[in-house]
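Here the structure is laid out as structure tokens; the discussion comes afterwards.
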Amino acid sequence: MAEFVQSQLSTARLEPRPRSSSIPCVPTSTHAASAFHAAFIAWTTPQIAGSAEFIYWIIAIRNERQEPTMHRGQSSSPRPMAEIIEHFERLLGQRKSETWVALGKRHWYLPKYLQAAGFTVTRGLNDLNQASGVVHREAEIAKKIQTRAAIQAGSALAAPMAIPARGHKPQHDLSPQQWQPECWDLADHAPSSITLAVDASTDPTGASAVALLSEHGDAVLYGGESFDTISMLEFAALIMALEYLATTSPASATIHTDSADAYRVAQALALEGRCETGYCGISEDSKHRFLQAWNSTESQVAFELVKGHSGEKLNEGADQLAWAGRAASKRPREQVEAALMSRIAEIRQAFTGGCR
């Protein structure tokens, strides 16, 4: 069983955050009676495997005269939350009290931030929202245009992902075009002490990946389709880290994560062996898997919560690995596998010096 080491630095950073579950999924007659209906949808278009992705979005608005308008935006930032909020403010900032915004159920923490900015928000593009159907149609048209342009440009990973149909469920049997990227690239001899970072990446279509990067250049990556929440995926990355430690057997290890939810649950399980049902949105099955992995390693383990996208080197490297795996999982294997392996090597070299 792993020996737990309390990290004073990480617990000092914790701050409670509002629960996204406070945002309703089922609209009411009050929502439907709003003078302005707005709907939002976003998608990504990777330029090459693992490189910065452009995030595109459309905000559809139906005004009090029943007139629909489309408003488009894009960003090369992996977390364009501030830009999206600013776009909403420009369009509807003076009409917040009269506006109902419907968002897809898997748009990061955007619903929470829009709600905090004063908008009335529901999760899910419900048909009662008269802008929802319009935004779906416009996004499909935009993506077809981008796909044609990508094919003409000859970029293997430039074709935008498809928007799932309403009511889409996870596919348990992969189609011939889908694959699950995997990488388990370890040094021949594990050091006695190691620091590593884990991260996860997902998008509204379910394309997801979890990744690990150690200071000595070990890289672990799993990608594919998952409709778990980002907190569940970040927690899965911690489980993967414990499985990695059970394999490499260092005397001590420090695991960095930028997910407060995953960190809280890992701390509770490591200290108490249990935590309350539903704590931080982590499933009981995932907690059971964590404890199994925890009991399989003899390493002395410390978890540390780090701030994402703050320049912390290993965290940035793990983030880029996860993004690369997610992007590759949306493309045919024969087109992108070589590019993905090359990108993994680049990340290892850039963030660890390629130490073996």
Side-chain angles (χ1 to χ4, degrees), residues 18-45 53-149 160-168 202-206 230:
R19 293 291 179 148
S20 297
S21 58
S22 64
I23 298 170
C25 293
V26 180
T28 66
S29 57
T30 302
H31 292 115
S34 300
F36 288 78
H37 287 197
F40 172 90
I41 200 164
W43 66 95
T44 56
T45 302
E53 296 191 31
F54 278 98
I55 295 178
Y56 300 87
W57 64 86
I58 295 177
I59 301 172
I61 300 173
R62 188 230 62 186
N63 62 23
E64 74 274 25
R65 296 185 298 277
Q66 309 294 311
E67 299 168 344
T69 56
M70 298 297 124
H71 308 271
R72 294 168 175 79
Q74 72 178 65
S75 174
S76 60
S77 168
R79 303 289 188 274
M81 201 72 66
E83 296 168 64
I84 295 171
I85 298 296
E86 182 184 356
H87 199 173
F88 269 99
E89 290 283 0
R90 289 200 310 269
L91 296 172
L92 295 163
Q94 303 301 315
R95 300 281 193 167
K96 291 180 183 179
S97 62
E98 305 171 73
T99 301
W100 165 31
V101 181
L103 300 164
K105 292 183 179 180
R106 297 181 55 81
H107 278 314
W108 317 293
Y109 292 118
L110 180 58
K112 179 190 70 172
Y113 286 105
L114 278 175
Q115 186 182 67
F119 290 95
T120 298
V121 181
T122 59
R123 289 180 175 273
L125 294 175
N126 193 285
D127 288 335
L128 284 177
N129 185 293
Q130 296 179 24
S132 291
V134 178
V135 81
H136 262 290
R137 290 194 299 272
E138 290 297 318
E140 289 288 3
I141 292 171
K143 293 161 81 63
K144 287 178 181 177
I145 293 172
Q146 289 176 346
T147 299
R148 286 197 295 268
M161 66 191 186
I163 298 174
R166 297 187 189 187
H168 175 77
T202 187
D203 68 23
T205 68
I230 187 61

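By convention here, the first residue in the shown sequence is residue 1.
Note: F88 and F40 have tilted aromatic rings, judged against thresholds of 30 and 60 degrees for the angle between ring planes. Ring geometry, H71 versus H87: the interplanar angle exceeds 60°, so the pair is classed perpendicular (tilted spans 30 to 60°).
Of all heavy-atom pairs between L114 and V121, the closest is CB-CG2, 3.8 Å. Here the closest heavy-atom approach between residue I23 and residue Q115 is recorded as CG1-NE2, 3.5 Å. The nearest pair of heavy atoms linking P27 to C25 is CD-O, 3.6 Å. Scanning all heavy atoms of the two residues, the minimum distance from A102 to L125 falls at O-CD2, 3.5 Å.
Although no hydrogens or angles enter the test, the distance criterion places a donor-acceptor pair under 3.5 Å between the side chain of H37 and the main chain of A32. Under the 3.5 Å distance criterion, the side-chain polar atoms of S132 are matched with a main-chain donor or acceptor of N126.
Between V134 and M70, some side-chain heavy-atom pair lies under the 4.5 Å cut-off. Residues Q66 and Q130 have side chains in contact (heavy-atom distance under 4.5 Å, counting atoms from C-beta outward). When side chains are defined from C-beta on, S75 does not count as touching Y56, because their heavy atoms never get closer than 4.5 Å. No side-chain heavy atom of T120 sits under 4.5 Å from any side-chain heavy atom of V101. A heavy-atom distance below 4.5 Å is found between the side chains of I61 and L91. Using a 4.5 Å heavy-atom cutoff, the side chains of E89 and K96 are in contact. Two residues are said to be in side-chain contact when any heavy atoms from C-beta on lie closer than 4.5 Å; H136 and I41 meet this criterion. Annotation: side chain of F36 is in contact with side chain of E64 (closest heavy-atom distance under 4.5 Å).
Rounding to the nearest 0.5 Å places CG of L103 at 13.5 Å from NZ of K112. Between the CG atom in L92 and the CD atom in E98 there is a gap of 10.0 Å [rounded to 0.5 Å]. The OG1 atom of T202 sits 6.0 Å away from the CD1 atom of I230 when rounded to the nearest 0.5 Å. Taking CD of E138 as the start and CD1 of I58 as the end, the distance is 6.0 Å to the nearest 0.5 Å.
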Just do the side chain to side chain contact (heavy atoms under 4.5 Å, CB included) check on I84 and Y113 with the steps written out, would you? CA-CA 10 Å; I84 295 171; Y113 286 105; over 6 Å; no
List the steps and the verdict of side chain to side chain contact (heavy atoms under 4.5 Å, CB included) for E83 and W57. CA-CA 11 Å; E83 296 168 64; W57 64 86; 4.2 Å; yes
